Amino acid sequence: MRQPNAAFAPGLRGVRILDFTWAGAGPFCTEMLCLMGAEVLKVESSDRPDLLRISGLAYGWGVTSLESNPGFNDMNAGKLSIEIDLKHPQGAAVARRLALAADVVCDNMRPGKMEALGLGYEALNAVRPDVICCSVSATGRVEGEKPPEVSGYGPVFWAEGGAASVTGFAGSEPTYMRAPADMNAATFTAIGVLAALIHRQRTGQGCYVDCSAIETVGAVIGDELLATAIGAPAGGLRGNDRAPWSPNDVLPCAGEDWWLAVSVDSEAQWVALCEVLGARDLLADPDLRSRWHRWSRREEVRARLAVHSRESDVHQLARELQMRRVPAAVSQKLKSLLADEELNRRAFWQTTDHPVLGAQKIGTLPWSMQPPLPPARPGPLLGEHTRGALARWLDLSEGEVNQLVESGAVRQQDPPTAPAPDPAAAEEATT
Amino acid sequence: MNPSERVAGPLSGCTIVEIGLDEAGQHAGMLLARLGARVVKLEPLEGEAGRLMPPFADDTDGRRRSVPYEFLNAGKDSIALDLDDAFAFGMLAELVGDHGAVLVSPKFASRVAADLEAPVIAAGAHGATGINVDLPSSPFTRFQSGGSGFLIPGDRPTMPGTLAGECFAGAGIAVCVLGLLLMRLQGTPAASSPLRADYSQQAHAANLEKLFVGRASKDGVEPTREGHRYPFGGAVRCSDGYVSMLIFEEHQWRGLCRVIGRDDWAADPRFKGWAGRAAMKEEIDSALQEWCASRSVAEVLRSARPEGVAIGAVRSPREVLSDEWLQRRGFIREAETAFGPARVAHLPFGPHPLWNVQVRESAPLPGDQSRQILRQLGYDDAEQALLETLRLVRYPHATA
């Protein structure tokens, strides 16, 4: 790490991360580190762009160029971008020099790919004992063994990690989660990188963070794994049932697909719920004041509550119940979440000014801090920082950079746009 | 993994004090303990409410223990205190020392001395400040407030299995704690500006849908549960279980066509691209279900994976626990738990020795380490007895 300034300022000052990740799980990890103050240099290729640069095209979302996907901008805030042709001998050499100039090298390629490029942990560690390498893949690695063949997509992680078998309503199919499985893998990976940086700061030693996305799923159902291991009652598919709360479910409200989430524990909360909903019939049933009966009759209770909630405004119900100390929330849709007063007040949502997309609200770190971190910056254009990064990271002269550009080993993309390639170019994606 | 290779971990020498946290915060503390930190719970005299979270099982001494609580609090120490008395918070500076941090719920955040030099992270459903700080919540309502609950495919919004929603947030809290610890290590904060973080679980939950927020933000498109469902695939029933399958890229589609014996579809323009296949979803789904129904999960995986299809088995917790690959990586390990020997989950970072930290795989009972901690802080036997007399501290195996 470069020497920090004498005066203390918050943020991961001086930490340089060379970022070979793409799509979801890797980039969210490096974005978090970037938002915390690290300098993240994203290695890209216009021949095989980040899946998020082209996913809008693949989905038919009307994305017209590599620079116009708001999802990419949201996932890569503040990063720098260098375009390198890793198949070009000089390009591969540049990548290796950058890796040796970095504090952390991150990838989410299939096991073996970084090694083939001479960018694996063993190779870099032999030259730089303090280098930290970080991979996030579906299965991770075991030395000398071929990893199981598992694709790098969130729903696959979710299933293989055991969580799909305990997500969903009884009698239905196991249920997958999409983005959260990737974002969770990213969050765990960030834990590994930060712990490794702390270790390095204290000992001068690097290490390898080999994060398995399937294991990150197993890690969040560790209670279920423990219950299974000791023969305690298994959860299975139980929808929203979570004892001791009863009811613990969503109720339909007025409008299109609006739902109120509510968890009732005490008798006082039950009475409050019935009163706020105007459910006199339920209030009049003395048995239902006990969790014992509410739990035994939970399907009936939910159906009868729904009759009363169906015509009410979800936001108003949530507010009234919260004032009565009942755990209640709107089952949030993304647009309503973007307008959420509290998330805006705490500057979780920040508006970046992107040269192609213009103003865009993006999610930042889930915490605010004192002293404050700098505001978020937009995601990079592809290859936007090639020249500057080579000069600063490798101390190359303008002539040396020109030679690399002319040889085709690297490219400095002229903003603002490049035509989008066929999504098929994104084959062999790992996440 | 050879137990003799176990090391102290990257956070050895750090003390993290946790106070009054919900499940997410406790999960963060547990992860930090697995990284080598000494994690000390400041518990109320009667013990934390989380000790009453089902399911329960008898430990090796015949006590009923909460299984989730054991998972969330493995490897931690506990000192049981009267948290309404200033004595409890007066010990923080000495307890965390120069290399620790305090992880506290919004309820108790204001009790932590403003001039404490160590980083303080206040973590709650909506953070430690603002208009929603005091709102009552549950794991279910916390998860629903973030966007993912609404979008999980199904007839109505739901939550992921067991405590996964809380554990998602807990991992984020651990990132925050580690970030502040590293920032402190990197510089010397002036005494007047100690590091403070205000962590919102709702914000972390919002980030879980980061892949789709951009479109909602910029294009004004509201994702729906139905739109979030893959047009075909997803959980597909086989003869002995389910597989989870998705087709995103063209080469995967071509592979799937070969696998189910419909090579003709690969060249058929009606099936071209995401939009084309979405329009033909019923035909594809029907063929897929018919093909899988007569084959076992293992057979389906054996055929589909070499063809590049993105597919995985829907595995039960039992199957995860018995996975030899996960065991060789050190993620699933044999350990002595409060319930006896069992396989448990560790960190997902692979076999590098740095991650091979020895952790006590059981949660402390309330006040299990009260005496040891007070001794460390300089209280002699007489003072410890007086603290108990004044009902400021509880010692192990005493009844509340």
Side-chain angles (χ1 to χ4, degrees), chain A residues 8 60 70-71 74 140 142 149 151 153 155-156 159-160 162 164-167 173-174 179-180 183 187 190 192 194-195 199 201 207-208 210 215-216 220 222-224 226-230 232-233 250 261 263 322 327 329 331-332 334-335 337 342 348 360-361 363 366-370 424 427, chain B residues 10 35 55 57 67-68 71 132 135-138 140-141 144-145 147-148 150 157 160-162 164 167 171 175-176 178-179 185 187 189 196-199 203-204 207-208 211 214 216-218 222 235 244 250-251 275 305 310 312 314 316-317 320 328 331 339 342-343 345 348-350 352 354:
Chain A
F8 179 82
D74 198 337
V142 171
E149 241 180 278
S151 314
Y153 288 90
V156 175
E160 291 271 340
S165 71
V166 293
T167 301
E173 295 171 344
M183 300 304 104
T187 308
L194 288 164
H199 177 70
Q201 186 82 22
C207 79
Y208 187 31
D210 180 22
E215 292 172 9
T216 66
V220 297
D223 58 326
E224 191 73 29
L226 179 58
T228 302
I230 64 169
V250 287
S263 301
Q322 288 158 357
S331 181
Q332 286 279 16
L334 295 190
K335 282 169 73 176
L337 205 52
E342 174 57 17
F348 165 70
Q360 181 187 335
K361 199 181 262 192
W367 69 87
S368 56
M369 63 177 280
Q370 289 297 331
E427 288 188 0
Chain B
L35 290 166
V67 177
F71 161 65
N132 296 333
L135 295 185
S137 67
S138 70
F140 182 58
T141 61
Q144 292 298 324
S145 71
S148 291
F150 175 78
T162 65
C167 294
V175 169
C176 178
L178 289 164
L185 267 177
R196 299 288 183 264
D198 172 3
Y199 189 97
H204 182 78
N207 267 342
L208 294 176
L211 283 166
S217 161
K218 193 64 194 160
E222 183 75 272
S244 182
E250 289 301 312
H251 77 103
R305 280 181 167 156
V314 175
S316 67
V320 172
R328 288 200 292 281
F331 175 64
F339 309 105
R343 287 179 184 162
F349 302 141
H352 190 286
L354 187 61

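In this text the structure is predicted, and so the values were computed from the model without any measurement.
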Leading residue by heavy atom contact count with chain A [cutoff under 4.5 Å; candidates B/V67, B/L178, B/D198]:
B/D198
Rounded to the nearest 0.5 Å, how far apart are OG of B/S148 and CD of A/Q332?
11.5 Å
Counting only heavy atoms closer than 4.5 Å, note whether A/A227 contacts chain B via side chain, backbone, both or neither.
both
Any idea which of B/A342, B/S316, B/P68, B/S217 has the most non-hydrogen atom pairs under 4.5 angstrom with chain A?
B/S217
Given the rule in the side-chain contact (heavy atoms from CB on, under 4.5 Å) test, do A/M183 and B/L211 qualify, once you have shown the distances and angles that lead to the verdict?
CA-CA 9 Å; A/M183 300 304 104; B/L211 283 166; 4.1 Å; yes
State, to 0.1 Å, how close B/A197 and A/W367 come at their nearest heavy-atom pair, and which atoms those are.
CB-CD1, 3.9 Å
Specify the closest pair of heavy atoms between A/S165 and B/P317, including all atoms of both residues, with the distance to one decimal.
OG-CD, 3.5 Å
Atom of B/T141, atom of A/A261 and distance for their closest heavy-atom approach
CG2-O, 3.8 Å
Could you pull out all residues at least two apart from A/S368 that satisfy side chain to side chain donor-acceptor pair (under 3.5 Å)?
none
Nearest heavy-atom pair of A/T187 and B/H204: which atoms, and what distance?
OG1-CE1, 3.7 Å
Heaviest contributor of heavy-atom pairs below 4.5 Å to chain B, chosen from A/A190, A/S263, A/G71, is A/S263
Give a yes or no on whether the backbone of A/V156 and the side-chain of B/S244 come within a donor-acceptor separation of less than 3.5 Å.
no
Out of B/N207, B/L35, B/L135, which one racks up the most heavy-atom pairs below 4.5 Å with chain A?
B/N207
Can you name the residues that form a side chain to side chain donor-acceptor pair (under 3.5 Å) with A/K361, not counting sequence neighbours?
A/N344
Side chain to side chain, B/F140 and A/V250, heavy atoms closer than 4.5 Å:
yes
Taking side chain as everything from C-beta outward and backbone as N, CA, C, O, which of these in B/P160 sits under 4.5 Å from a heavy atom of chain A? Side chain, backbone, both or neither.
both
Let's test your reading of the structure: which of B/G214, B/A216, B/A57 forms the most heavy-atom pairs below 4.5 Å with chain A?
B/G214
Provide the closest heavy-atom pair for A/E342 versus B/N132 in the form atom of the first, atom of the second, distance.
CB-ND2, 3.4 Å
Counting heavy-atom pairs under 4.5 Å to chain B, which of A/A232, A/G140, A/P180 comes out on top?
A/P180
Relative to chain B, which segment of A/L337 carries a heavy atom at a distance below 4.5 Å: side chain, backbone, both, or neither?
side chain
Measure B/V314 against the heavy atoms of chain A and call it side chain, backbone, both or neither at under 4.5 Å.
both
Region of A/F348 that comes under 4.5 Å of a non-hydrogen atom in chain B:
side chain
Structural part of B/A310 lying under 4.5 Å from a heavy atom of chain A:
both
Given heavy-atom pairs under 4.5 angstrom as the criterion, report whether the side chain, backbone, both or neither of B/T162 touches chain A.
both
Residues A/L226 and B/F71: closest non-hydrogen pair is CD2-N, 3.9 Å
Please check if the side chain of B/E222 supplies one atom and the backbone of A/L334 the other of a donor-acceptor pair under 3.5 Å.
yes
Best-contacting candidate, A/P155, A/G162, A/A164, against chain B by heavy atom pairs under 4.5 angstrom:
A/P155
